[in-house]
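To start, the structure under review is shown below, and the notes come after it.
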Amino acid sequence: MKIGMKSLAGVVAGAALLGAVSVVPAYAGAQAEGWFTSSLTNWKRGDESRRWWDNNDTWDYTGIYFENCVSDGATGFSHAELDLYKDISYAPDRYKGSENNYCGWVDYGDPDDAGNYYFQLYDIYSGGRLTVKYLKVAW
């Protein structure tokens, strides 16, 4: 198959454009708009993280990372179900998705909406209390 120089230039330009606007997981490093680290101690269902402001001026995913996870369940930690919310004043908070964290990264995609966000522990699989020694949230 023969490709002319104009066609080749178009393919290269198109690939560069796609690369420039692609969605990137927030934990990818310098791409993140913001991040914070913390820990969780004896969390139970319904506990909420601190809030963070997301300008949403990038296409980065919102991600939550757990390391060194321990639950009080007889069989040890399996995973935690985490719900992401946008904090809405004077109205119900807006649900933005749920992910299972198996003690690593989970991505919620791009929330596509500027505002204050938080995550809530919906459930712990194997146990009633969760401790995470290192937590990172990036957006």
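The cluster map of Ile, Leu, Val, Met, Phe, Trp and Tyr, joined by side-chain heavy atoms under 4.5 Å apart, puts L82 and F36 in the same cluster. Residue L40 is grouped with residue V137 when hydrophobic side chains (ILVMFWY) are merged at heavy-atom distances under 4.5 angstrom, including chains of intermediate members. No continuous path of ILVMFWY side-chain contacts below 4.5 Å connects Y102 to L130, so the two sit in separate hydrophobic clusters.
The NZ atom of K96 lies 8.5 Å from the CG atom of D110; values are rounded to the nearest 0.5 Å. In this structure, OG1 on T62 lies 8.5 Å from CD on E33, to the nearest 0.5 angstrom. How far OG1 of T131 is from CZ of R129: 9.0 Å, rounded to the nearest 0.5 Å. One distance of note links OH of Y108 with CH2 of W139; it measures 14.5 Å at 0.5 Å rounding. Separation of atoms CG (N116) and CH2 (W53) is listed at 6.0 Å; rounding is to 0.5 Å. In this structure, OG in S49 is found 9.5 Å from CD in Q120, a value given to the nearest 0.5 Å.
Smallest separation of non-hydrogen atoms from G115 and K86: CA-CE, 3.8 Å. Taking both residues in full, the closest heavy atoms of L121 and A80 are given as CD1-CB, 3.7 Å, listed atom of the first, atom of the second, then distance. The two residues I124 and S71 come nearest to each other via the heavy atoms CG2-CB, 4.1 Å. The nearest pair of heavy atoms linking E67 to V132 is O-CG1, 3.6 Å. Across all non-hydrogen atoms, the minimal contact from G97 to Y95 is C-OH, 3.3 Å. Residues E81 and S98 come closest through the heavy atom pair OE2-OG, 3.1 Å.
Only one option out of D93, D83, D87 pairs with Y118 in a side chain to side chain donor-acceptor pair (under 3.5 Å); it is D93. Among I64, T37, N101, the one residue that satisfies the side chain to side chain contact (heavy atoms under 4.5 Å, CB included) test with L135 is I64.
Using modelled atom types and a 3.5 Å distance limit, the side chains of D54 and W52 yield no donor-acceptor pair. Residues Y125 and N100 have side chains that never bring a donor and an acceptor to within less than 3.5 angstrom of each other. Checked by atom type, the side-chain pair S126/T75 shows a donor-acceptor distance below 3.5 Å.
Aromatic ring centres of W43 and F119: separated by under 6.0 Å.
Geometrically, R45 engages Y122 in a cation-pi contact, judged by NZ or CZ lying under 6.0 Å from the ring centre and within 45° of the ring axis.
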